[in-house]
Amino acid sequence: LELVKSSDKVFLEAYTSILGGVSKERLEAFYGKEVVVADRGLVENEAEDLIIQPAKAESVAFLVVGDPVCATTHTDLIIRAKEVGVKVE
């Protein structure tokens, strides 16, 4: 919770699983910051520019419903981030 609140950018992955009953606006109010909904296109095609590169200089949170390493896309994101020196928690 504190990691998300202290992040400079927050993404909510929204295609491998859906966070039922909680709107983007409610999450933004809870965390006190903008939450970018990350659809499949963003995660698979724009992650390098929007998530990984900014994470080199800023704190970026990538929220996932359920187990974050179940989807191969999430594992790929972790691997690519680590390859360029991004700390992943």
If you count every heavy atom of other residues, nucleotides or ligands that lies below 6.0 Å from Lys5 atom NZ, does the total exceed 12?
yes
Is any NZ, NE, NH1 or NH2 atom of the basic residue among Glu89 and Lys87 found under 4.0 Å from an Asp or Glu carboxylate oxygen of the other?
yes
Heavy atoms, side chains only, cut-off 4.5 Å: are Val10 and Glu34 in contact?
no
Consider only side-chain heavy atoms of I, L, V, M, F, W and Y, link residues closer than 4.5 Å, and tell whether Val43 and Val64 are in one cluster.
yes
Find out if a path of hydrophobic residues (ILVMFWY) with successive side-chain heavy-atom gaps under 4.5 Å connects Val35 to Leu50.
no
Salt bridge check: are Lys9 and Glu58 linked by an N-O gap of less than 4.0 Å?
yes
To the nearest 0.5 Å, what is the distance between CG on Leu12 and CG on Asp39?
11.0 Å
Glu25: what forms a salt bridge (Lys or Arg N to Asp or Glu O under 4.0 Å) with it, not counting sequence neighbours?
none
Could you state whether Leu27 and Val4 fall into the same hydrophobic cluster, counting links through intermediate Ile, Leu, Val, Met, Phe, Trp or Tyr residues with side-chain heavy atoms under 4.5 angstrom apart?
yes
Please give me the minimum heavy-atom distance between Lys33 and Ser6, naming the atom from each residue.
NZ-C, 4.1 Å
For the pair Glu13 (side chain) and Leu63 (backbone), establish whether a donor and an acceptor sit closer than 3.5 Å, ignoring hydrogens and angles.
no
Is any side-chain heavy atom of Val37 less than 4.5 Å from a side-chain heavy atom of Phe11?
no
Which distance, rounded to the nearest 0.5 Å, do you find between the CD of Glu44 and the CG of Asp76?
8.5 Å
Walk me through it: do Glu48 and Gln53 pass the test side chain to side chain contact (heavy atoms under 4.5 Å, CB included)?
CA-CA 6 Å; Glu48 185 70 30; Gln53 290 302 318; 2.7 Å; yes
Assigning hydrophobic clusters by single linkage (Ile, Leu, Val, Met, Phe, Trp, Tyr; side-chain heavy-atom cutoff under 4.5 Å), is Phe62 placed with Val65?
no
Got Leu77 and Ile52 here, is their nearest side-chain heavy-atom distance under 4.5 Å?
yes
How about Phe30 and Leu1: do any of their side-chain heavy atoms sit closer than 4.5 Å?
yes
Establish, from distance only, whether the side-chain atoms of Tyr31 and Ser7 form a donor-acceptor pair under 3.5 Å.
no
Would you check if the side chain of Asp8 reaches a backbone N or O of Val60 as a donor-acceptor pair within less than 3.5 Å?
no
